[in-house]
Novice: 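Quick one: structure below, then a few questions.
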Amino acid sequence: AQSVTQLDSQVPVFEEAPVELRCNYSSSVSVYLFWYVQYPNQGLQLLLKYLSGSTLVESINGFEAEFNKSQTSFHLRKPSVHISDTAEYFCAVTHSGGYNKLIFGAGTRLAVHP
Amino acid sequence: NAGVTQTPKFRVLKTGQSMTLLCAQDMNHEYMYWYRQDPGMGLRLIHYSVGEGTTAKGEVPDGYNVSRLKKQNFLLGLESAAPSQTSVYFCATHDRDPGADTQYFGPGTRLTVL
């Protein structure tokens, strides 16, 4: 069975500071990994994903995540956050052949303060 | 192009009442899913469908039923609502195009069972 652990439920940070949101997964098969973002009172939006190839993936708004197979991690990073990055972030995992059913972590609430 | 829409956006039920949540998509995706989101637990899969006329159980199916009579619609039913079903419900579809492998989420339905 697959599972996802997001190690921090809340991460407070000041504007323009760097941030890392941690995600570890467990799986006995090859995985696809995702980060979704949820702004207040909205649905989830895909931030970035790892399917294959380069282990470093980037989003259009400056986030990046690195797939580390040996450490079974997919941490999300941004070198300089903005107030508008305040949201809840979810890490999710699935695998090929599993009808793409996503297993989600519990979420990390990122609060960016001025 | 509306993407994934959900009806209603909010609903309050009394224990024992029934209701149906409607998910509609205009992206011609085969796979559709129903998740529930609860604080500190992320999203959990209730039921899913891999095509018109098919449904399958997810992680937390008890107390819910689903139907996929048309490709574009996926209905979630609660026959006898319980307070434990108070949650935010999200519908999602999956783009199976190679290189996409992405789920698209609706805006959610906030359900309160008294």
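We name chains A, B, ... by the order of the sequence lines, and we start the count at 1 in each one.
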Novice: Identify which of A:Leu51, A:Leu102, A:Leu46 forms the greatest number of heavy-atom pairs closer than 4.5 Å to chain B.
Specialist: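 Top count of heavy-atom pairs under 4.5 Å with chain B: A:Leu102.
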Novice: Is A:Val57 reachable from A:Tyr32 through a run of I, L, V, M, F, W or Y residues, each pair having side-chain heavy atoms under 4.5 Å apart?
Specialist: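 Result: no, two separate clusters.
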Novice: Assess whether atom CD1 of A:Ile60 is packed by more than 12 heavy atoms of other residues, nucleotides or ligands within 6.0 Å.
Specialist: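 No, CD1 of A:Ile60 has 12 or fewer neighbouring heavy atoms, counting only those of other groups under 6.0 Å.
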Novice: Under 4.5 Å between side-chain heavy atoms, counting indirect links through other Ile/Leu/Val/Met/Phe/Trp/Tyr residues: same cluster for A:Val31 and A:Leu47 or not?
Specialist: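 Cluster IDs for A:Val31 and A:Leu47 match.
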Novice: Return each pair, listed once, that meets disulfide bond (SG atoms under 2.5 Å apart) where at least one residue sits in residues 42-80 of chain A; pairs must be two or more places apart or across chains.
Specialist: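 As it turns out, there is no disulfide bond (SG atoms under 2.5 Å apart) pair with a partner in residues 42-80 of chain A once direct neighbours are skipped.
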Novice: In Å and rounded to the nearest 0.5 Å, what is the NE2 to OG1 distance from B:His94 to A:Thr94?
Specialist: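 Going from the NE2 atom of B:His94 to the OG1 atom of A:Thr94 covers 7.5 Å.
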Novice: Treat each ILVMFWY residue as a node, draw an edge where side-chain heavy atoms are under 4.5 Å apart, and state whether A:Ile83 and A:Tyr39 are in one component.
Specialist: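 Linked, A:Ile83 and A:Tyr39 end up in one cluster.
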Novice: Closest approach of A:Lys101 and B:Tyr48, non-hydrogen atoms and distance?
Specialist: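 Distance-wise, the nearest heavy atoms are CD-CE2, 3.4 Å.
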Novice: Out of curiosity, does A:Val112 fall in the hydrophobic cluster containing A:Leu21 (side-chain heavy atoms, cut-off under 4.5 Å, transitive links)?
Specialist: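 Result: yes, single cluster for both.
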Novice: Which residues in residues 33-45 of chain B have a heavy atom less than 4.5 Å from any heavy atom of chain A?
Specialist: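 Listed by number: B:Tyr33, B:Tyr35, B:Gln37, B:Gly40, B:Met41, B:Gly42, B:Leu43, B:Leu45.
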Novice: May I ask you to test the A:Gln42-B:Phe105 pair for a side-chain heavy-atom distance under 4.5 Å?
Specialist: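 No, too far: nothing below the 4.5 Å cut-off.
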Novice: Heavy-atom distances under 4.5 Å only: say whether A:Gln6 touches chain B with side chain, backbone, both or neither.
Specialist: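 Neither part, no heavy atoms under 4.5 Å.
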Novice: Under a single-linkage definition using a 4.5 Å side-chain heavy-atom cutoff for Ile, Leu, Val, Met, Phe, Trp and Tyr, are B:Val4 and B:Leu76 assigned to the same hydrophobic cluster?
Specialist: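 No, separate clusters.
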Novice: Please classify the contact of A:Leu44 with chain B as side chain, backbone, both or neither, using a heavy-atom distance under 4.5 Å.
Specialist: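 For A:Leu44, the contact with chain B is made by backbone and side chain together.
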Novice: Where the side chain of A:Tyr36 meets the backbone of B:Gln103, is there a donor-acceptor pair that is under 3.5 Å apart?
Specialist: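 Checked: pair present.
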